[in-house]
Amino acid sequence: MSDVRLLTSSFDPAEELRAFTAALPMAGGIVSFLGQVREGGGIEALELRHYDPLTLPAMEGLAARVRVRWQLDGLLVIHRSGVLVPREPIVLVAAAARHRRDAFAAADFAMDHLKSESWFWKREKVGGEWRWIEPRAQDFEDIGRWR
Amino acid sequence: MSDVRLLTSSFDPAEELRAFTAALPMAGGIVSFLGQVREGGGIEALELRHYDPLTLPAMEGLAARVRVRWQLDGLLVIHRSGVLVPREPIVLVAAAARHRRDAFAAADFAMDHLKSESWFWKREKVGGEWRWIEPRAQDFEDIGRWR
Amino acid sequence: MKVKLVFLGRLEEQAGYGFADISPDSPLDWPGLVEHLGSELAGAVGSEKVKVALNGALVADKYAITVNDGDEIAFLPPVSGG
Amino acid sequence: MKVKLVFLGRLEEQAGYGFADISPDSPLDWPGLVEHLGSELAGAVGSEKVKVALNGALVADKYAITVNDGDEIAFLPPVSGG
C-alpha cells in the first residue's frame, strides 16, 4: 500500500500517522519523518511552488522505487504546496515494515530524494521580502549516499 | 529536552508525537520509530518484564549518550512493560533536530540500543503457551554498526 | 499557432509572470523558441541547469526539441533543497 | 541476616519464582551464594551470559561479589532482542 499525496492546504501529521498505523497491524515498525516550517530565524512564511504535470507523478515514481528497493508493508508520502507559516507541516513520510532496518532506510531514502530531486521551488519571506531558496550542497551529498 | 518514560499501561503514539512536535517549534525535522505488537503469526500476547532499579536508569543513560552524540532539539523515548496484545504500541522513539541526518541517526541509534542492550525480557504467548524470546543475532549486527 | 510557456521558481520572477502564450507562425526549434524571450530570460533558460518539460514530460535534450501548435513548454530551474 | 534474590526472564521460570529471601548466617561470596540455589539454577546463574546486579547496580565481576545483610541480588539473563 502506497499513499502519495500533494496537498495545497494544511494537514494533521499525528492523525495521518494514526490512520497509517491502524491500517497496518502486521507491521512491526513504522519510521516517520515530519518536516515543519521552523519557528525563528525571522522567517515569516515559506512558499512551495510545484508544477502540476510533473510534481505528483514524480513523487509517485519515487514511492514506487522505494517499494522495489525495500520490503515494506506500507509507505506514506504527503507533501505540501502553497504558502505555509511557521509550525505548519511541510512533509510527512512514513514507512512501515516487518524489519526495522527496512523502515529506517526507506524513510531516509525517500526524504533525501524528496528534498533534492522533487519538483518543488521554495521561497521564504523574511522581513517582508520573499527570497528563493537555492539548492544546497548538503542535499547532493545526502543523495549521493544511495548510489 | 529529553523525555524518557517506562510505562506499565498503554499509550497513544499519535498524541505523544503531536505533543512532542508542538513543544519544539524550532526543530525542522522529527524522526520517529514506533514499534507495535504485530498482528498475525499466531501471537496472542507479548509480555515485557523489566527490573525497576536498572531499566529506566539505563534508558535515561542511553538518552544522555544520544544527546551527546547528535545535535538534537528534543528526544522522546517511551517503552512499555507488562502484557500487551497485538496492535498495542511497545516503543516510541522520536528525535527532533535542525538537521534531518541528525534526527535519523539519533532515532536509529536509540532503537538499536534499546532493542539489544536495554533491560527487558520478553515472552510471547502462542497457542496458549508462553515462550521466552531469545536475543537475535540481527540485533548484535545492528548495534555493531555504531562502533 | 499557439504555444504556452511556463516559468517556475526564480524564472517566474525573472520573467515577471508565471505563464505566457506566444503565437509563432510555424513550429519552433530551441533557438526559435528562445527568440520569443527577452535576452536576460533567454540567457537564463539556456543554462545547462534549467530543464525543460514538453507537455508535462521532461525532455532529455532541450536543445533538440520541436515545439508545435498547442504545446506547453515549462522551464524548470534547479529545485530547492532544505 | 537476610538477602533478597531476584530472578529475571527465563531464570524466573527455571527458579519457579521471581523473588526469594534467603537467611544465611554470615556474608556470602559467590560460591556461598550459589549454594543456596538448586543445582540446575546454580548452573544457570553461573553462565558467563548471566549478569548480576547488587542493590540495583550492575556488578562488573559477579564472581568477586560479597553479599551482606539486607542486600538484593538480581540475576539477569541476556535481554531479548526483537
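Each chain gets a letter, A, B and so on, in the order the sequences are listed, and its residues count up from 1.
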Step through the shown structure and confirm whether more than 12 heavy atoms of other residues, nucleotides or ligands are within 6.0 Å of [atom1] on [X].
X	atom1	value
D:F19	CZ	no
D:E35	CD	no
D:K51	NZ	no
B:E39	CD	yes
B:R98	CZ	no

Single hit among B:K115, B:K122, B:R49 for side chain to side chain contact (heavy atoms under 4.5 Å, CB included) with D:S80 | B:K122
Where on B:R123 is there a heavy atom nearer than 4.5 Å to chain D: the side chain, the backbone, both, or neither?
-> side chain
Identify the heavy atoms of D:L76 and B:L54 that sit nearest to each other, and give their distance.
-> CD1-CD1, 3.5 Å
Nearest heavy-atom approach of D:V79 to B:F120 is CB-O, 3.4 Å
Name the region of D:K49, side chain, backbone, both or neither, that has any atom closer than 4.5 Å to a heavy atom of chain B.
-> neither
Ranking B:W119, B:W130, B:W121 by heavy-atom pairs under 4.5 Å to chain D gives rank one to B:W121
Do you know which of B:G35, B:P53, B:P57, B:A58 has the most heavy-atom pairs with chain D at a distance under 4.5 angstrom?
-> B:P53
Once you round to the nearest 0.5 Å, how far does CD of D:Q14 lie from CH2 of B:W132?
-> 11.0 Å
